[in-house]
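Proteins come first, then strands; the chains are lettered A, B, ... in the order of their sequence lines, and each starts at number 1. Bear in mind that the values here come from a model prediction, so they are computed numbers and not experimental data.
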Amino acid sequence: MQTSPRHWPHSSPSRALAEVIFTPHQRVKNVIQRCTLPALLPPCRYPEGIKWKFLEHKGPVFAPPYEPLPENVKFYYDGKVMKLSTKAEEVATFFAKMLDHEYTTKEIFRKNFFKDWRKEMTSEEKSTITNLSKCDFTHMSQYFKAQSEARKQMSKEEKQKIKEENERLLKEYGYCVMDNHKERIANFKIEPPGLFRGRGNHPKMGMLKRRIMPEDIIINCSKDSKIPAPPPGHKWKEVRHDNKVTWLVSWTENIQGSIKYIMLNPSSRIKGEKDWQKYETARRLKKCVDKIRNQYREDWKSKEMKVRQRAVALYFIDKLALRAGNEKEEGETADTVGCCSLRVEHIKLHPELDGQEYVVEFDFLGKDSIRYYNKVPVEKRVFKNLQLFMENKQPEDDLFDRLNTSILNKHLQDLMEGLTAKVFRTYNASITLQQQLKELTNPDDNIPAKILSYNRANRAVAILCNHQRAPPKTFEKSMMNLQSKVPPPPAQLWGSRAPSCFVLCHPRTVESKKKAVQRIEEQLMKLEVQATDREENKQIALGTSKLNYLDPRISVAWCKKWGIPIEKIYNKTQREKFAWAIDMAEEDYEF
DNA sequence: CCCAGAACTTAGCACTTTATTG
DNA sequence: CAATAAAGTGCTAAGTTCTGGG
């Protein structure tokens, strides 16, 4: 593919500052023109890792400074009022704001919090406050509850003012210029200080997430751009000009010591092209997946243990859409696993279960400590291999002791350029959607029924990827409401002696009553569809797969084919993110 | 090769806004 | 018009993969 950047207008500060900038729509057209038609190859705008030529932005927005509590809001230690220093008070308020949460009762949370809180105390405070159980934050907590109540009760004007202020901030800091485009920034606000929670059983829960200062911040922009000014009296940690990366701002957080970034919105060129590329890689996998499947089935018989483990792991990744499963540092994070890091304790082997042979029962916590529970019949060879891998091992030993993600991905790289474990998730998700849409869409259905079919196809993918959610708190109640909305059966409309009505009524009345019946039937149908959809969705989250795993061109093509307005499938944000796909996919698009 | 660090994608949930209903 | 529910958005944690240095 021709990738020389000379086909593209070079960025220059003067051009970049111009207000008139390409819309995503126009951008995609440009990309398509540049790429060799008709293949619509994914874009590669610059060679060898260069991400941009020009980048200008205003820097981050910092968290608002701490506002000390009014004098009348008291903290009590051991039953006695105690006035805290500003720093200690600020950290105390973080705890007070969480008082209603279950986790403030958890031992680890309390221990971590207390340790970090003490670091912020003056030496007198430190010597007085030695036991968290003697701290009484309830008055502080009540104050914050009253505050949030007051916020809800604010007048229209006050709310409007806040809204305008946010809009001003967005206008000033929410955009940057990358090459010739004005682009939306995803997270231009620096994360405020607070107590770290983490997901699941996290060993660091309760630790103090410290306040980020300009002195922590690395700014990335181009040399010829207007460098953002640090807040008065402050300096940036560093200003760099690295066009091999896409981030605008970075800092190191203090809980894990990892780097956080400010990057562009999914609607931006740089994210959109990457997304497109991701789906093109998955489509390349489609072409060779049969070969790869045959290969790993062969490898189940290998005399090398490492090869067998690799082949069984890959089978799980392919068949069950498991994540790769990197090793994690013990004690630094919650104990969760993916495929390569599965332990013996996470699977049970059933030579026979419920009339099925060779069943593997999976039970482990995956990303975000979401439980994966599944009983899967597998091929006999896989089952025998698993028995072999588990021989003479303790429950806490690795199932695949000769394997890790780097070995697996190196192998995948040899099978197909750009192939990694996560491509299987993308591929299997997208192909499942396409195939389910074909199977479930009934041409005679009306639009709401077709959309139900779409959601069902989407749901099949979400189930495959194990995208769960907590059932909404009000689920049962809102389900009841929906049921009660179901209108009376049409017969009642005609009165108890329905047939005679035809005789007695004026023809016009009959006509209009027929219409009314039809309207009510439609309404009923819509409600039923809605209820079914909702019930089936109780514990399944559709958003994640829609946003990250499903080639949007499949959905766009489906909408075009059946005359469904795209708005029924994608909301505004999603349409912005998938502008490239909406623009290019025709109704005959095949993943 | 291994490792750590960097960069970037994926994830669920809390909160906010909008739409619906009574 | 207020209350409620649904939809949409923001937030930031938690993954995967890449990179570069020994």
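- A 4.5 Å side-chain heavy-atom check between A:His57 and A:Ile262 finds every atom pair outside the cut-off.
- Put simply, NZ on A:Lys163 is 10 Å from C1' on B:dT18, counting in whole angstrom units.
- When only modelled atom types and interatomic distance are considered, A:Asp401 and A:Gln309 share a side-chain donor-acceptor pair under 3.5 Å.
- A:Glu273 and A:Arg269 are joined by a salt bridge, as a carboxylate oxygen and a charged side-chain nitrogen come within less than 4.0 angstrom of each other.
- Contacts of A:Ile370 with the nucleic acid, taken as non-hydrogen atoms under 4.0 Å apart, involve only primed sugar atoms and P, OP1 or OP2.
- Counting non-hydrogen atoms under 4.0 angstrom, A:Ala421 reaches the backbone sugars and phosphates but no base.
- Ring geometry for A:Phe113 against A:Trp117 counts as parallel: the plane angle stays under 30°, on a 0 to 90° scale with 60° as the upper cut.
- Applying the 4.0 Å criterion to OP1 and OP2 of B:dA11, one finds that A:Thr544 has every side-chain N and O outside that range.
- Here A:Lys422 does not reach the OP1 or OP2 of B:dT9: none of its side-chain N or O atoms lies under 4.0 Å away.
- Note on A:Gly325: only backbone sugar-phosphate atoms sit closer than 4.0 angstrom, heavy atoms only; bases stay farther off.
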I'd like a list of close polar pairs between nucleotides 8-11 of chain C and the protein, N/O only, cut-off under 3.5 Å.
residue, atom, partner, partner atom, Å
C:dT9, OP1, A:Thr573, OG1, 3.0
C:dT9, OP2, A:Thr573, OG1, 2.2

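- Of the two residues contacting DNA chain C, namely A:Thr405 and A:Lys209, the nearest-nucleotide position lying further toward the 5' end is that of A:Lys209.
- Checked for salt-bridge contact, A:Lys161 and A:Glu164 miss the test: no charged N lies under 4.0 Å from a carboxylate O.
- Nearer to the 5' terminus of DNA chain C, by closest-nucleotide assignment, is the contact made by A:Arg197 (compared with the other of A:Asn326 and A:Arg197).
- The ring of A:His202 has its center closer than 6.0 angstrom to the ring center of A:Phe196.
- Per the geometry, CD belonging to A:Glu102 stands 12 Å off P belonging to B:dA14, to the nearest Å.
- Between A:Lys271 and A:Lys274 the shortest side-chain heavy-atom distance does not fall below 4.5 Å.
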Protein-nucleic acid N or O pairs under 3.5 Å, nucleotides 19-22 of chain C:
none

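- The closest side-chain donor-acceptor pair between A:Tyr454 and A:Ser555 falls under 3.5 angstrom.
- One interatomic measurement links the two molecules: NE2 of A:His202 to C1' of C:dA14, which rounds to 9 Å at whole-angstrom precision.
- The side chain of A:His467 places an N or O atom within less than 4.0 Å of a non-bridging phosphate oxygen (OP1 or OP2) of B:dA11.
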Report summary line: Reading nucleotides 3-8 of chain B from 5' to 3' and marking B where a protein heavy atom lies under 4.0 Å of the base, S where only the sugar-phosphate is that close, and - otherwise, the string is ---SBB
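- Classified by interplanar angle (parallel below 30°, tilted 30° to 60°, perpendicular above 60°), the ring pair A:Tyr103/A:Phe109 is tilted.
- In terms of position along DNA chain B, the nucleotide closest to A:Ser545 lies nearer the 5' end than the nucleotide closest to the other residue of the pair A:Arg151 and A:Ser545.
- A centroid separation of less than 6.0 Å is found between the aromatic rings of A:Phe95 and A:Phe137.
- Remark: A:Asn409 is in phosphate contact with C:dT17, judged by side-chain N or O atoms under 4.0 Å from OP1 or OP2.
- Atom P of nucleotide B:dG12 and atom NZ of A:Lys367 are separated by 8 Å, given to the nearest angstrom.
- Atom CE of A:Met207 is separated from atom C1' of C:dA13 by 14 Å (rounded to the nearest Å).
- There is a side-chain donor-acceptor pair under 3.5 Å between A:Glu253 and A:Ser258.
- In this structure, A:Ile218 and A:Trp247 have side chains that are in contact, with non-hydrogen atoms separated by less than 4.5 Å.
- OP1 or OP2 of B:dA11 sits under 4.0 Å from a side-chain N or O of A:Arg323.
- When the P atom of C:dA7 is taken as reference, atom CG of A:Leu547 falls 16 Å away, rounded to whole Å.
- Within the nucleic acid shown, A:Arg425 comes within 4.0 Å of sugar-phosphate atoms alone, with no base atom in reach, counting heavy atoms only.
- Note on A:Asp275: nothing from the nucleic acid sits closer than 4.0 angstrom, heavy atoms only.
- For A:Glu329 and C:dA14, the CD to C1' distance is 15 Å, given to the nearest whole Å.
- Comment: A:Glu172 engages A:Lys58 in a salt bridge, judged by a side-chain N to carboxylate O separation of less than 4.0 angstrom.
- Protein atom NZ of A:Lys278 is 14 Å distant from nucleotide atom C1' of C:dG15, rounded to whole Å.
- In the set C:dA13, B:dT18, C:dC18, C:dC18 carries the atom at the smallest distance from any side-chain atom of A:Thr420.
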